[in-house]
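Only heavy atoms go into these numbers, but all of them, side chains included; no hydrogens, no water, no symmetry mates.
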Amino acid sequence: MNRRHRLSRSRDFEAVYREGRSVSTRFLVLYWFAREDEEPEPRLGLAVPKGTAATAVARNRMKRQLREAWRARLGAIPAGRDYVLIAKPGLPEAIGANGFDWLGERIDEVLGKAAA
C-alpha cells in the first residue's frame, strides 16, 4: 500500500474520530470521514492498542496483516474518504486460529456495515 493511501498525521486521525462515523464488529472498529479535497484515493490509518497484542512485534505484525488485507480490497472501497481501522482484543489469536483469509472476511464485514 502506497504512503499516499495512509493517514499519518495525528490531526488527520483526530478529524476522522471527531467528525466521522463509525461501525464496529467483534474484532474491528471502523471510523470514516468524507474528505473535501481533490484527492480521490481512500486513505487508511491503523490503530492497534497495547491491550490488543502484548508486544510491539505482535502489534506491528497485525498492522502489516491489516494493511495487506485492506490493500487487496482497495478497488471496492469508496474513494474520497479517510478511514481509521482499530483492532480489538482477541484479534491476533483469532487470526492465528483462522488464517489470513478470515481477516479479509472480517474487513469485508465491517466495510459492509459502513456501506449500509
Side-chain angles (χ1 to χ4, degrees):
M1 193 163 91
N2 294 334
R3 290 212 179 262
R4 71 172 187 257
H5 292 166
R6 293 188 198 172
L7 290 180
S8 58
R9 293 190 205 116
S10 62
R11 69 178 181 203
D12 292 337
F13 276 83
E14 289 173 13
V16 175
Y17 289 139
R18 190 176 50 254
E19 300 175 29
R21 298 183 58 201
S22 68
V23 295
S24 66
T25 62
R26 165 68 180 91
F27 293 107
L28 296 169
V29 178
L30 180 69
Y31 285 83
W32 73 95
F33 172 68
R35 291 192 320 267
E36 297 175 5
D37 60 4
E38 298 294 322
E39 192 175 328
E41 292 98 3
R43 297 188 306 172
L44 174 67
L46 294 171
V48 181
K50 285 185 179 180
T52 305
T55 65
V57 172
R59 288 190 300 276
N60 289 333
R61 181 170 190 243
M62 189 182 314
K63 286 186 217 176
R64 286 192 305 272
Q65 291 173 329
L66 287 166
R67 201 175 294 121
E68 181 60 27
W70 185 269
R71 187 191 63 76
R73 287 149 182 77
L74 208 53
I77 296 171
R81 292 182 180 178
D82 286 343
Y83 296 91
V84 175
L85 192 59
I86 303 170
K88 288 182 165 181
L91 184 60
E93 295 82 9
I95 294 171
N98 299 311
F100 185 74
D101 292 334
W102 176 87
L103 177 62
E105 292 169 7
R106 299 297 67 82
I107 290 177
D108 290 339
E109 178 184 3
V110 77
L111 284 170
K113 285 180 81 171

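Judged purely by atom type and a 3.5 angstrom limit, Lys88 has no side-chain atom pairing as donor or acceptor with the backbone of Val29. Looking at Arg59, its side chain does come within 3.5 Å of a backbone N or O of Ala53 through a donor-acceptor pair. Between the Arg35 side chain and the Arg81 main chain, a donor and an acceptor come within less than 3.5 Å of each other.
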request  = Check the pair Arg71, His5 against side-chain contact (heavy atoms from CB on, under 4.5 Å), reporting the backbone distance first and the verdict last.
outcome  = CA-CA 9 Å; Arg71 187 191 63 76; His5 292 166; over 6 Å; no
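To the nearest 0.5 Å, the span separating CG on Leu66 from CD on Glu68 amounts to 11.0 Å. Summarising the geometry, atom CD1 belonging to Ile107 is positioned 10.0 Å from atom CH2 belonging to Trp102; distances are rounded to the nearest 0.5 Å. In this structure, CG on Leu103 lies 6.5 Å from CD on Gln65, to the nearest 0.5 angstrom. To the nearest 0.5 Å, atoms CG (Leu85) and CG (Leu28) are separated by 5.0 Å. To the nearest 0.5 Å, atoms CD (Glu14) and CD (Glu19) are separated by 11.0 Å. The CD1 atom of Ile95 sits 9.0 Å away from the CZ atom of Phe27 when rounded to the nearest 0.5 Å.
Arg73 pairs by the side chain to side chain donor-acceptor pair (under 3.5 Å) definition with Asp108, not counting sequence neighbours. Annotation: side chain to side chain contact (heavy atoms under 4.5 Å, CB included) contacts of Ala72 (sequence neighbours excluded): none. When the side chain to side chain donor-acceptor pair (under 3.5 Å) test is applied to Arg106, the partners found at least two apart in sequence or on another chain are Glu109.
Under the 4.5 Å side-chain heavy-atom criterion for Ile, Leu, Val, Met, Phe, Trp and Tyr, Trp70 and Trp32 are members of the same hydrophobic cluster.
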